[in-house]
Structures are given as structure tokens and as C-alpha cells.
Participant: 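Dropping the structure in here first, questions after.
Chain letters run A, B, ... following the sequence lines, proteins first, then strands; residues in each count from 1.
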Amino acid sequence: MLQVCRRHSKLWLALSLSPISQFSSLDQTRKPEPIRLTITKQAFTAQLQSCSSHPNQLKQIHALILTTGISIKNSLLTHLITTFIILGDVSYARKVFDEMHKPRVFLWNTIIKAYVKYQDFMEAAAVYRRMKRLGVRPDDFTYTFVVKACAQLPWAGWAVAAHAVKYGLEFVVEVRTELVIMCVKYGELGLADFLFGTMVERDLVAWNAFVAACVQSGHAAKALHLFRRMRVAGVEPDAVTVVSAFSACGQLGCLETGEEVDGVMRQCGIVCNVIVDNARLDMYVKCGSVDMAEALFEDMHQRNVISWSTMVLGYAINGESRKALDMFSRMQKRGVAPNHVTYLGVLSACSHAGLVNEGKSHFRRMVQAGDKNIQPKIEHYACMVDLLGRSGHLEEAYNFIRSMPIELDTGVWGALLGACAIHQNVELGQHVADLLFELAPANGSYHVLMSNMYAAAGRWDCVDKVRLKMRKGGVKKVAAYSSVEFNGKIHIFYGGNRLHPESSEIYEKLEDLLRQVKNIGYTPNITSVFHDVGTEEKEATLSHHSEKLAIAFSLLNLQPECPIRVVKNLRICDDCHSFCKFVSEATKRVIIMRDKIRFHHFRNGECSCNNFW
DNA sequence: TTAGGGTTAG
């Protein structure tokens with residue numbers, strides 16, 4: 001069947017069938033006519049290219065090569081390796097690579113890079129280790145991939161950084177950029193600053209990398225600081241920079257800075273594309289500026305599933321459930337296929353509006369669609385628990401959890417605990433909380449939620465038990481804070497804190513405000529207070545909650561026509577919710593408050609959430 | 001015979 005010989009430095013393959021596209025039927029029963037094929041290296045490469053999108057045929061060619069026992073030049077194998085990497089079959093590329101005799105360093109780089117591309121960082125690190133063991137000397141390119149891979153693994157990044165220094169490769173601009181990113185990921189911002197500051201050349205990409213790494217690691221304020229610094233340094237931002245900057249503004253809820261970035265974009269003549277538009281859209285949505293998002297969305301030349309999903313989610317978290325669902329059907333009419341994120345928006349819209357049946361039918365559709373892209377994930381199940389529980393169907397929610405076909409996580413039980421808290425079902429809450437204490441003993445929020453439920457029920461002995469449990473287990477409460485953006489600066493307020501330079505004016509204003517709203521019917525809701533203390537003391541604690549301080553600060557500083565925008569790290573309490581409604585009525589101001597989960601738009605004594613959150 | 005670093009939705 002197969003004969004191989006070399007003639008005039010050409011490779012001869014005698015094959016049972018030709019052309020190569022028929023290789024896949026090599027083992028068929030039809031009696032083949034022997035055909036001689038002369039294949040030069042160029043022809044062979046051409047053949048490889050001709051079936052470069054058919055991995056099985058390529059594998060057969062490779063098997064054939066191995067059977068012949070002739071030595072194939074590394075350049076051909078390299079071609080095979082790169083083709084398999086493009087096709088996404090890294091393990092086969094690795095197999096070919098492993099069979100090579102002394103591969104050159106660029107091939108080691110190629111394999112490591114491929115593992116990084118397909119996010120198999122452990123394997124990338126393993127290949128690097130083998131490379132080192134075999135004494136292959138890394139080149140200028142090696143550490144860009146190796147650092148990127150190892151930065152994803154705990155500690156490994158530091159070790160390879162030391163190797164890069166040893167070989168004198170830390171000054172290569174690409175390697176240094178990866179090292180800066182790595183330091184940010186590891187939370188070593190000081191070191192990142194040092195490495196960035198001592199770069200030989202800081203090009204646009206290096207700035208973008210630093211800004212983006214900060215945004216992705218939750219250092220949004222630092223990202224915006226860098227964004228401003230790069231302009232001072234005379235580096236003109238591009239589309240990538242503004243995408244990161246918009247993302248940072250969204251995280252922080254800084255509409256003012258978001259507009260500034262928008263201005264910079266125009267000034268620099270940065271051309272909008274769908275990614276930039278989506279980032280801007282997301283910024284408006286996360287700043288509670290639904291009108292701006294709407295206008296931009298209608299104006300967009302190009303939209304993709306992310307644009308639509310952003311709008312659906314945006315409406316949902318801003319309390320405009322009907323618009324979210326309308327947007328969803330409009331999207332489907334346009335023939336845009338929803339993905340699992342779109343459905344998160346749809347389900348949370350239903351949840352926040354108490355649309356139980358509608359939510360159920362959307363969920364059913366996800367399951368029945370049989371589409372891998374929209375099979376419900378654990379987050380969708382948590383949304384359903386939230387939907388059922390929030391609307392008072394606690395038992396159904398519990399049974400739903402019990403019947404779930406996927407592994408349970410704290411999100412699902414957390415949603416049920418939240419529902420128990422809303423409906424004051426202490427018995428079920430206790431049961432769920434016990435499960436959560438086991439699953440996530442270090443998470444203080446479940447302890448606080450349970451303790452608040454006990455407090456609301458007047459069961460102070462149980463409150464004490466939970467608090468004791470927290471103390472013993474070293475569980476910490478997350479300190480609540482509220483922030484307000486004013487004149488390009490973010491002002492942060494903690495409950496009862498007097499660190500702000502305008503503290504005395506703020507507290508004075510707050511006293512004024514409390515008197516004003518009490519006159520029109522506000523009464524402090526003391527069940528929101530954690531401690532078993534006297535009524536007066538409870539009132540004092542309540543009246544200094546961080547959002548109240550933030551509102552007093554805003555009233556002192558903002559122009560009368562400006563809406564008050566507050567961002568909170570936790571959920572708003574009942575008392576502050578009621579307080580905000582009265583303030584919006586008494587002062588005729590719009591208050592837009594973003595809490596951990598969603599927005600509350602207070603206007604004329606009402607809230608967009610309809611007291612359902 | 002060639003090999004880089006950045007971005008969007010919960």
C-alpha cells in the first residue's frame with residue numbers, strides 16, 4: 001500500500017489513493033489503484049494548506065509521515081503545529097511538538113503562547129518548566145507569554161519574573177508590560193507603579209495595559225487617575241483606552257467623569273466602534289442614566305448581542321421592567337439571538353417587578369430551547385429562586401432548589417435567605433442560614449442578614465448567638481459606605497464617621513433635613529438596627545447611616561437642579577429607603593441611589609422600585 | 001523561517 005523513497009532530494013510518497021482530500025477514506029474496502037505521487041516540500045506544504053481546516057485529514061497525513069519513518073524537516077512540522085493551533089487543537093499540536101528533535105526556542109514560545117491563548121495556564125507553565133530543564137535558553141519573546149501565563153497562577157508569576165531578571169529580559173518592553181499587569185493582578189500596586197515608571201519606553205500599549213489591568217482588578221479609581229496622567233504625559237488615548245476608562249466610570253458610578261472621557265474621545269478624534277459604544281452604554285446604565293443610554297442605543301450604527309443585553313439589564317436594574325421585556329422582544333424580532341446574559345436581564349426584570357409567571361415561562365423557554373448557549377446556569381437558577389422567594393412563594397422556591405439538576409452554590413441559598421428576610425420567615429431563614437454558615441463560614445453578610453431577621457423579630461438571644469458565632473469565627477462585617485462624585489472627586493462616607501473636611505456642616509444639614517422630613521410624616525424605622533439598645537440610641541445610629549451623610553453633602557454642594565447620585569456598596573436599609581422618599585418630596589430633588597444590586601430612583605416621594613427590592 | 005502588549009454584558 002505504501003512505499004516511500006527519496007529521489008533527487010524530493011520526497012516520494014506512493015499512496016493508495018489520491019488526492020490528499022481522500023485520505024480520510026484510506027481504510028475503505030474499495031480496492032485501490034496504486035498511484036505514484038511526487039511531492040516536493042512546497043507541494044507538501046500546499047497539500048497541508050489545502051486541508052488546513054480538516055483536522056482529521058491533517059492527523060492522517062501526520063500518521064502517514066510517522067509510518068514512513070523518514071525524518072521530516074522541522075519546518076513542515078512547524079507548519080502542522082501552527083495549523084493545529086489555529087484549529088484550536090492544542091493537544092495535538094503538542095503531540096507533534098513532543099515528537100520533534102530539538103525544537104528551536106521560537107517553537108517553545110509558540111506552544112506556550114497557544115496554551116495561554118486557550119487559557120490553559122498550568123500547561124503553559126509546565127512547558128516552560130520543561131524548556132528550562134532541557135536547558136533551552138529563553139529569548140526576547142519567551143517571557144511575554146510565560147509571565148502572562150504564570151500571573152494567572154498563585155505565586156508562579158514572581159518566580160518567572162525572577163528568571164526574566166536573571167536573563168536580563170525584564171527590560172524588553174513587552175515583558176515589562178506583562179510584569180506591570182502581573183503586579184496589578186497580585187495587588188502589588190506600588191511595585192506596578194515602580195516597574196511602569198522605570199520602563200525604558202512607555203508606549204500607548206503599555207499605558208492601556210496598566211489602565212485595563214487596574215479596571216479588571218477592581219482599582220477603578222486608580223485607572224481613572226492613570227487615564228488623566230497619560231494625557232498630561234502627552235500620550236494620546238485611543239479607542240482601547242476610552243473603553244477601559246468608561247468601564248472604570250461604570251464601576252464607580254461616576255457620570256461626571258464618564259462625560260469627561262466622552263469629551264476626550266471627541267477631542268482626540270477617536271472613531272466609535274461597537275465596542276466603544278457598548279462600553280459607553282454600560283457606563284450610562286451603571287450610572288443610573290437610563291435616558292442617556294437609551295439615546296445612545298437608538299443612535300448606534302452597529303449593535304450586537306452585548307448592546308441589547310446591556311439595555312435589557314440596564315432597564316432591569318433601574319426598575320423599568322416593562323421596558324426591559326419590550327427591549328427583549330424587540331431584539332428577538334430583529335433576529336438577534338439572546339445569550340445567557342440577556343436571560344439574566346430578563347429574569348431579573350421579572351423578579352424585580354414580581355412577574356412570576358412571565359419569569360417562569362422565560363425560564364422554561366431556556367430549558368426547552370435545547371440551545372447550549374442558553375442552557376440555564378447556576379446564576380439563572382439563583383434568579384428563579386429570587387423571583388419565587390421575593391414574591392412570597394418561599395416553599396416553592398425551596399422545592400425548586402431541591403429539584404435543581406445542577407450543583408448548588410451559595411448564590412442560590414443566599415437568594416432564598418434574602419427572600420426569607422423580606423418576608424420575615426425566621427424558621428426557614430434559620431435553616432438556610434445554617435447551610436450557608438457551613439458553605440461560606442467567612443462570609444459575614446449571611447450572619448448580618450440572619451441577625452437582622454432575629455432583631456426584627458425581637459429575638460435578642462438569637463442575635464447574641466449569631467454575633468458570638470461571628471466573633472469566635474473571626475467573621476467580619478463589611479463596613480457600609482456611600483460615595484458621591486463632585487467636581488471630579490469621589491467623596492466617600494462611612495456611617496457615623498466625621499473624617500470628611502466638611503463634617504460639621506454635613507451633620508448640621510442632616511439634622512435640619514431630619515427635622516424637615518419628620519414634619520411631613522417620616523418616622524425612623526428602628527427595626528433596621530442591629531443592636532439591642534434603647535430607642536433613642538437606635539435613632540441616633542440610624543440617622544447617621546452613610547447614605548444620609550452622602551445626601552446631606554450633596555444638598556450642601558450640588559446645584560439645585562442637579563439630581564443627587566449616591567453609590568452604595570451594600571443594600572439600602574428600610575429606614576434609609578423611607579428617608580430618601582421623604583427627602584425627595586421635601587426638597588423636590590431627584591435622588592438616584594445605586595445599591596449593591598440595583599438602582600432606586602426617588603422622585604416626589606416615590607421610588608422606582610415600588611418598595612419591592 | 002517566525003514569534004507582542006490593550007477593550008464590552010451579571
Participant: Assess whether one donor atom and one acceptor atom, taken from the side chain of Arg104(A) and the base of dT1(B), lie less than 3.5 Å apart.
Facilitator: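 Per atom types, the contact qualifies.
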
Participant: At under 4.0 Å between heavy atoms, what does Thr110(A) touch on the DNA or RNA strands: base, sugar-phosphate, or nothing?
Facilitator: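 No contact.
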
Participant: Please report the distance, rounded to the nearest Å, between CZ in Phe97(A) and C1' in dT2(B).
Facilitator: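 Distance, rounded to whole Å: 15 Å.
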
Participant: When the aromatic ring centroids of Tyr446(A) and Trp413(A) are compared, is their separation below 6.0 Å?
Facilitator: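 Aromatic pair excluded; centres sit 6.0 Å or further apart.
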
Participant: Given the side-chain rings of Tyr143(A) and Tyr128(A), with only the six-membered ring counted for Trp, is the space between their centroids under 6.0 Å?
Facilitator: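 Yes.
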
Participant: For Lys377(A), report the nucleic acid contact type (base, sugar-phosphate, nothing); a contact means any heavy atom under 4.0 Å.
Facilitator: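 Nothing, no heavy atom under 4.0 Å.
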
Participant: Using a 4.0 Å heavy-atom cut-off, does Phe246(A) contact any base of the nucleic acid, only the sugar-phosphate backbone, or nothing at all?
Facilitator: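 Nothing, no nucleic acid heavy atom in range.
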
Participant: How would you label the contact of Asp139(A) with the nucleic acid (heavy atoms, under 4.0 Å): base, sugar-phosphate, or nothing?
Facilitator: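 Counting heavy atoms under 4.0 Å across all strands, the contact made by Asp139(A) includes a base.
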
Participant: Could you check whether Val312(A) gets within reach of a base, just the sugar-phosphate, or nothing at all, counting any heavy atom under 4.0 Å?
Facilitator: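 Contact class for Val312(A): none.
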
Participant: Between dG6(B), dA3(B), dA9(B), which nucleotide has the shortest distance from any of its atoms to the side chain of Phe141(A)?
Facilitator: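 The closest nucleotide is dA3(B).
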
Participant: What I want to check is whether an N or O donor and acceptor connect the side chain of Asp140(A) with the base of dA3(B) at under 3.5 Å.
Facilitator: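 Answer is no: no donor-acceptor pair is held.
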
Participant: Nearest to the side chain of Leu313(A), which nucleotide is it out of dG6(B), dA9(B), dG5(B)?
Facilitator: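 Side chain of Leu313(A) sits closest to dA9(B).
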
Participant: Separation of Ile86(A) atom CD1 from dT2(B) atom C1', in whole Å?
Facilitator: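 It works out to 13 Å between those atoms.
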
Participant: Can a salt bridge be assigned to the pair Arg330(A) and Asp326(A) using a cut-off of 4.0 Å between side-chain N and carboxylate O?
Facilitator: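 Between Asp326(A) and Arg330(A) there is no salt bridge, as every charged N stays at least 4.0 Å from the carboxylate O atoms.
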
Participant: Of all heavy-atom pairs between Phe599(A) and Val285(A), which one has the smallest distance, and what is that distance?
Facilitator: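 The answer is CE1-O, 3.4 Å.
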
Participant: Would you confirm whether the ring centroid of Phe328(A) sits within less than 6.0 angstrom of the ring centroid of Trp308(A)?
Facilitator: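 Between Phe328(A) and Trp308(A), which both carry aromatic rings, the centre distance is not below 6.0 Å.
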
Participant: Between dA9(B), dT8(B), dA3(B), which nucleotide has the shortest distance from any of its atoms to the side chain of Ala279(A)?
Facilitator: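 Nearest to the side chain of Ala279(A) among the choices is dT8(B).
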
Participant: What is the separation between atom CE on Met311(A) and atom C1' on dT8(B), rounded to the nearest whole Å?
Facilitator: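 These atoms are roughly 15 Å apart.
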
Participant: Counting only side-chain N and O atoms of Lys148(A), is one of them less than 4.0 Å from OP1 or OP2 of dG6(B)?
Facilitator: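 Yes.
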
Participant: Separation of Met131(A) atom CE from dA3(B) atom C1', in whole Å?
Facilitator: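 Nearest whole value for this atom pair: 12 Å.
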
Participant: Whole Å only: how far is the CD atom of Gln152(A) from the C1' atom of dG5(B)?
Facilitator: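 Going from CD in Gln152(A) over to C1' in dG5(B) covers 14 Å.
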
Participant: Answer yes or no as to whether dA3(B) has its base stacked against Phe106(A), where stacking requires a ring-centre separation under 5.5 angstrom and planes under 30 degrees apart.
Facilitator: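 Base of dA3(B): not stacked against Phe106(A).
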
Participant: Report the nucleotide, chosen from dG5(B), dG6(B), dA9(B), that has the shortest atom-to-atom distance to any side-chain atom of Val341(A).
Facilitator: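 Ranking dG5(B), dG6(B), dA9(B) by closest atom to the Val341(A) side chain puts dA9(B) first.
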
Participant: Confirm from the modelled atom types if Asn208(A) and dG5(B) form a donor-acceptor pair under 3.5 Å, side chain to base only.
Facilitator: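 Looking at the base of dG5(B), it does not pair with any donor or acceptor on the side chain of Asn208(A) (distance under 3.5 Å).
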
